[in-house]
Amino acid sequence: MGILHVINHPMITHKLTIMRKTETGSKDFRQLLDEISMLMGYELTRDIPLEEVEIDTPVAHMTAKMISGKKMAIVPILRAGLGMVDGLLSLVPVAKVGHIGLYRDPRTHLPVEYYCKLPADIEDRLVIVVDPMLATGGSASDAITMLKKRGVTNIRLMCLVGAPEGAKKIQEDHPDVDIYIAAMDDHLNEHAYIVPGLGDAGDRLFGTK
Ligand code: PRP
Ligand code: URA
């Protein structure tokens with residue numbers, strides 16, 4: 001089963017609390033999501049393998065270490081996932097970015113696909129799927145399935161706030177995928193919104209409501 005990593009860092013928790021507040025506007029919401037994404041990315045990449053390289057400093061020759069192996073791709077689930085891309089790119093500027101468009105049908109709460117554009121060599125990359133909200137888990141699970149159909153074998157899911165229902169679904173549907181979240185909230189309400197959550201992440205990010 002994939003590991004559920006709840007990243008309990010005071011800087012992240014503090015910023016998330018400001019994001020949750022009803023009175024926090026889009027400008028601050030966007031900036032905080034960007035900052036948290038960078039901090040979470042730091043934890044998510046903690047176990048990435050290094051390889052030895054031979055270099056010359058101005059003083060001496062040395063055997064040093066650099067990140068080895070797989071290249072990375074960031075795949076935001078539209079729309080709200082877009083708010084997590086720049087923070088990760090500030091850590092890994094050479095990562096490619098793919099986009100998966102899914103919206104939740106307000107009646108059934110099931111994801112509907114409307115867009116998919118991925119880097120040509122996506123199957124050779126470590127893919128970080130990003131979306132602030134892991135509610136029922138339907139959107140993230142479908143996005144991961146779309147990536148697997150394209151041959152991707154190395155996937156991590158990074159969300160801001162999770163619900164137990166969503167984490168369970170990912171662990172059942174995709175036991176090979178580790179999940180990284182900043183907080184595990186209590187439950188889903190009758191509209192499948194996370195409680196206490198932060199409301200509609202896409203609307204708050206883009207000021208559409
Ligand atoms: C939200 C959120 C996730 C999804 C989570 O997107 O950004 O993609 O819901 O819910 P789930 O885990 O139950 O699938 P939404 O459908 O509101 O689209 P938006 O990002 O365009 O606002
Ligand atoms: N999507 C959101 O944006 N928020 C939730 O709480 C659930 C799904």
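One-based numbering, in listed order, for ligands and for the atoms of each.
Across D178, V75, L147, a single residue satisfies side-chain contact (heavy atoms from CB on, under 4.5 Å) together with I155, and that is L147. The side-chain hydrogen bond (donor to acceptor under 3.5 Å, both in side chains) with K15 is formed by just one residue from the set E35, H9, Q31; it is E35.
A salt bridge links D185 with R20: the closest approach of a Lys/Arg side-chain nitrogen to an acidic carboxylate oxygen falls below 4.0 angstrom. With salt bridges taken as basic N to acidic carboxylate O contacts below 4.0 Å, none links D131 and R79. Using a cutoff of 4.0 Å between basic side-chain nitrogens and carboxylate oxygens, E172 and K168 are scored as salt-bridged. The residues D121 and R125 are annotated as salt-bridged, a charged nitrogen and a carboxylate oxygen being separated by less than 4.0 angstrom.
Checked by distance only, ligand 1 and Y114 stay at 3.5 Å or farther apart across all their nitrogen or oxygen atoms. Between T136 and ligand 1, at least one N/O pair is under 3.5 Å apart. Residue A135 places at least one N or O, backbone or side chain, under 3.5 Å from an N or O of ligand 1. Annotation: A80 places an N or O atom under 3.5 Å from an N or O atom of ligand 1; distance criterion only. Of the N or O atoms in M133, none lie within a sub-3.5 Å distance of an N or O in ligand 2. Considering backbone and side-chain N/O of D131, one or more are found under 3.5 Å from N/O of ligand 1. Backbone and side-chain nitrogen or oxygen atoms of D203 are examined, and none is located within less than 3.5 angstrom of a nitrogen or oxygen of ligand 1. Close N/O approach between G202 and ligand 1 is not found [any backbone or side-chain N/O within under 3.5 Å]. At under 3.5 Å, not a single nitrogen or oxygen of A192, backbone or side chain, sits near a nitrogen or oxygen of ligand 2.
Of the protein's non-hydrogen atoms, the one nearest atom 9 (O) of ligand 1 is R104 CD, 3.8 Å. Of all protein heavy atoms, the one lying nearest to atom 5 (C) of ligand 2 is Y193 CD2, 3.4 Å. Scanning the protein for heavy atoms near atom 17 (O) of ligand 1, the closest one is D200 OD2, 3.9 Å. Atom 18 (O) of ligand 1 has L102 O, 4.1 Å as its closest protein atom, hydrogens excluded (heavy atom only). Of the protein's heavy atoms, I194 N, 2.8 Å lies nearest to atom 6 (O) of ligand 2. Of all protein heavy atoms, the one lying nearest to atom 4 (C) of ligand 1 is S139 OG, 3.6 Å. Closest to atom 22 (O) of ligand 1 among all protein heavy atoms lies R79 NH2, 2.9 Å. Among protein heavy atoms, atom 5 (C) of ligand 1 sits closest to M133 O, 3.5 Å.
Close contacts between ligand 2 and A201 involve ligand atoms 2 (C), 3 (O) [criterion: under 4.0 Å to a heavy atom]. Atoms of ligand 2 found under 4.0 Å from any heavy atom of G199, numbered from 1 in the order shown, are 2 (C), 3 (O), 4 (N), 5 (C), 6 (O). Within the listing of ligand 2, atoms 7 (C), 8 (C) sit less than 4.0 angstrom from a heavy atom of A135. Residue-ligand proximity, Y103 to ligand 1, at heavy-atom distances under 4.0 Å covers atoms 16 (O).
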*Could you check Y114 against L78 for side chain to side chain contact (heavy atoms under 4.5 Å, CB included), going step by step and ending with a plain yes or no?*
CA-CA 9 Å; Y114 63 89; L78 307 181; 3.4 Å; yes
*Just do the side chain to side chain contact (heavy atoms under 4.5 Å, CB included) check on L134 and I170 with the steps written out, would you?*
CA-CA 9 Å; L134 181 64; I170 300 300; 3.9 Å; yes
*Start with the C-alpha distance between Y180 and L4, add both sets of side-chain angles, then the distance that settles side chain to side chain contact (heavy atoms under 4.5 Å, CB included), and finish with yes or no.*
CA-CA 6 Å; Y180 297 78; L4 173 66; over 6 Å; no
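Under a 4.0 Å heavy-atom criterion, R104 is in contact with ligand 2. Within the structure, the closest approach of G137 to ligand 1 falls below 4.0 Å when heavy atoms are considered.
Residues H174 and K169 have side chains that never bring a donor and an acceptor to within less than 3.5 angstrom of each other.
Of the possible polar contacts, none joining the R150 side chain to the I122 backbone as a donor-acceptor pair under 3.5 Å is found. Side chain of E113 to main chain of L102: no donor-acceptor pair is present (N/O by atom type, distance under 3.5 Å, no hydrogens or angles).
The OG1 atom of T153 lies 9.5 Å from the CG atom of L126; values are rounded to the nearest 0.5 Å.
Within a 4.0 Å radius of atom 1 (C) of ligand 1, the protein has no heavy atom.
Applying the 6.0 Å contact sphere to NZ of K96 captures no more than 12 heavy atoms from other residues, nucleotides or ligands.
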